[in-house]
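Since the structure comes first, as structure tokens, the remarks are kept for the end.
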Protein chains: 2
Amino acid sequence: MKQNTIPPLLPVVPMKACPVESSMGVLGRKWTLLILRNIGVFKKERFNQMLDVTPGLTPRVLSMRLQELERDGFIKRIEENGTPKIVRWELTEKGDDTLPILVKLVEFGAKWFADKVFEDKKPRTIKQLFPQKEARRYL
Amino acid sequence: MKQNTIPPLLPVVPMKACPVESSMGVLGRKWTLLILRNIGVFKKERFNQMLDVTPGLTPRVLSMRLQELERDGFIKRIEENGTPKIVRWELTEKGDDTLPILVKLVEFGAKWFADKVFEDKKPRTIKQLFPQKEARRYL
DNA sequence: CTGCATCCGATCGGATACTG
DNA sequence: CAGTATCCGATCGGATGCAG
């Protein structure tokens, strides 16, 4: 049973804009969070690597997202001189700070979309998915 | 300075779909998270109340979002018999579980979009925004 | 009060092909 | 390897008006 006796919870500081809206304006577009995850968690930092591990993502859209993310300070383009040209993308501090959001989305998905996400359709906790001690950094 | 020596962090359970993608499929549409916040945090549970506190949101889109959210089990329609007809929307357990995601988005926005969000343009922590003890429920 | 119907312009992003 | 260019259909959601 669900109790519903909790009163409104209001921010004690007046806000002239909504922080959720602001955050989602950038992060809410298709593929954006997945790209940040690829870079920050899976360490797929190169253009074609990202395409490889992200079925459905096209070069055009990836390119657009990378530019947006760079423009908005989430990622940084690192060009290593060599032939052929090697480019890496890495998270800035701002980009790093999106990972806790990602974690919550994983947590939610692993609980409520278990049927889509797992073969055995059983919900899992984030600790079951990432028991590694390095993961605590983001939990 | 940002260190970047962290190795890839992989889920120990194989996944046939991405939990982030699944979560965002529902929650990523415009206004959706704001509506959940209105109901769950601000306790604006009625149709016109929501319109009032959500500048830019139109009846059509609100109606669409409410239906999607109900279909997907995030909210429940409660019709109180009376004239005129009063309808409340409340969060299900699944809906409640989205609030921690919201919190992380607020936290991110209050830090990195402080210039848009606050008059004084100074970043704030989530504890500064919601020092109430009831808020701990979601932090 | 709580929506729905219709219309429509804008945006988004997928397909495909091409380049330095 | 790391992207761009062009095209285009689909979707989204804003405006407006109406209804139970």
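A, B, ... follow the sequence lines: proteins, then strands. Residue 1 opens every chain.
Residue Glu79(A) is out of contact with every strand shown, counting any heavy-atom pair closer than 4.0 Å. Counting any heavy atom pair closer than 4.0 Å across all strands shown, Ile86(A) reaches sugar-phosphate atoms only and no base atom. Residue contacts for Glu80(B): at a heavy-atom cut-off of 4.0 Å it reaches no nucleic acid atom on any strand shown.
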Exercise. Can you check side chain to side chain contact (heavy atoms under 4.5 Å, CB included) on Glu21(B) and Trp31(A), steps first, answer last?
Worked result: CA-CA 8 Å; Glu21(B) 234 176 326; Trp31(A) 303 110; 4.3 Å; yes

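Residue Ile35(B) contributes atom CD1, which lies 13 Å from atom C1' of dG3(C) at whole-angstrom precision. Whole-Å rounding puts the Ile78(A) CD1 to dC1(D) C1' distance at 17 Å. Atom-to-atom, CG of Leu51(B) to C1' of dC1(C) comes out at 11 Å; the value is rounded to the nearest Å. Taking atom CD of residue Glu45(A) and atom P of nucleotide dA2(D), one finds them 11 Å apart after rounding to whole Å. For the pair Leu66(A) CG and dA2(D) C1', the interatomic distance rounds to 10 Å; values are reported in whole Å. The nearest whole Å value for the distance from the CG atom in Asn48(A) to the P atom in dG20(C) is 18 Å. Remark: P of dA2(D) and CZ of Arg88(A) are 11 Å apart, rounded to the nearest angstrom.
Neither OP1 nor OP2 of dT2(C) sits under 4.0 Å from any side-chain N or O of Arg77(B). Residue Trp89(A) places no side-chain N or O under 4.0 Å from the OP1 or OP2 atom of dC1(D). Gln67(B) has no side-chain polar atom (N or O) that falls below the 4.0 Å cut-off from OP1 or OP2 of dG3(C). For dT2(C), one of the phosphate oxygens OP1 or OP2 lies less than 4.0 angstrom from a side-chain nitrogen or oxygen of Arg46(B).
Under the side-chain hydrogen bond (donor to acceptor under 3.5 Å, both in side chains) criterion, Asp97(B) pairs with Lys111(A), Trp112(A), not counting sequence neighbours. Annotation: side-chain contact (heavy atoms from CB on, under 4.5 Å) contacts of Lys85(B) (sequence neighbours excluded): Arg77(B), Glu79(B), Val87(B). Every residue two or more places apart in sequence or in another chain that forms a side-chain contact (heavy atoms from CB on, under 4.5 Å) with Val103(B) is listed here: Ile126(B), Tyr138(B), Leu139(B).
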Just distance, no hydrogens or angles: give the donor-acceptor pairs under 3.5 Å from side chains in residues 32-39 of chain A, sequence neighbours left out.
unit_1   : atom_1 : unit_2   : atom_2 : d
Thr32(A) : OG1    : Arg29(A) : O      : 3.2
Asn38(A) : ND2    : Leu34(A) : O      : 3.3
Asn38(A) : ND2    : Thr54(A) : OG1    : 3.0

All N/O donor-acceptor pairs, side-chain side in residues 114-122 of chain B, below 3.5 Å, sequence neighbours left out:
unit_1    : atom_1 : unit_2    : atom_2 : d
Asp120(B) : OD1    : Lys122(B) : N      : 3.0
Asp120(B) : OD1    : Arg124(B) : NH1    : 3.1
Asp120(B) : OD2    : Arg124(B) : NH2    : 2.8

Enumerate all atom pairs, one protein N or O and one N or O from nucleotides 11-14 of chain C, separated by less than 3.5 Å.
unit_1  : atom_1 : unit_2   : atom_2 : d
dC12(C) : OP1    : Arg29(A) : NH2    : 3.2
dC12(C) : O5'    : Arg29(A) : NH2    : 3.3
dG13(C) : OP1    : Lys30(A) : N      : 3.2
dG13(C) : OP1    : Arg65(A) : NH2    : 3.2
dG13(C) : OP2    : Arg65(A) : NH2    : 2.0
dG13(C) : N7     : Arg60(A) : NH2    : 2.4
dG14(C) : OP1    : Lys30(A) : NZ     : 2.7
dG14(C) : OP2    : Trp31(A) : NE1    : 3.0
dG14(C) : O6     : Arg60(A) : NE     : 2.8
dG14(C) : O6     : Arg60(A) : NH2    : 3.2

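Positionally, the nearest nucleotide of DNA chain D for Pro84(A) lies more toward the 5' end than for the other of Pro84(A) and Pro59(A).
To the nearest 0.5 Å, atoms NZ (Lys76(B)) and NZ (Lys94(B)) are separated by 14.0 Å.
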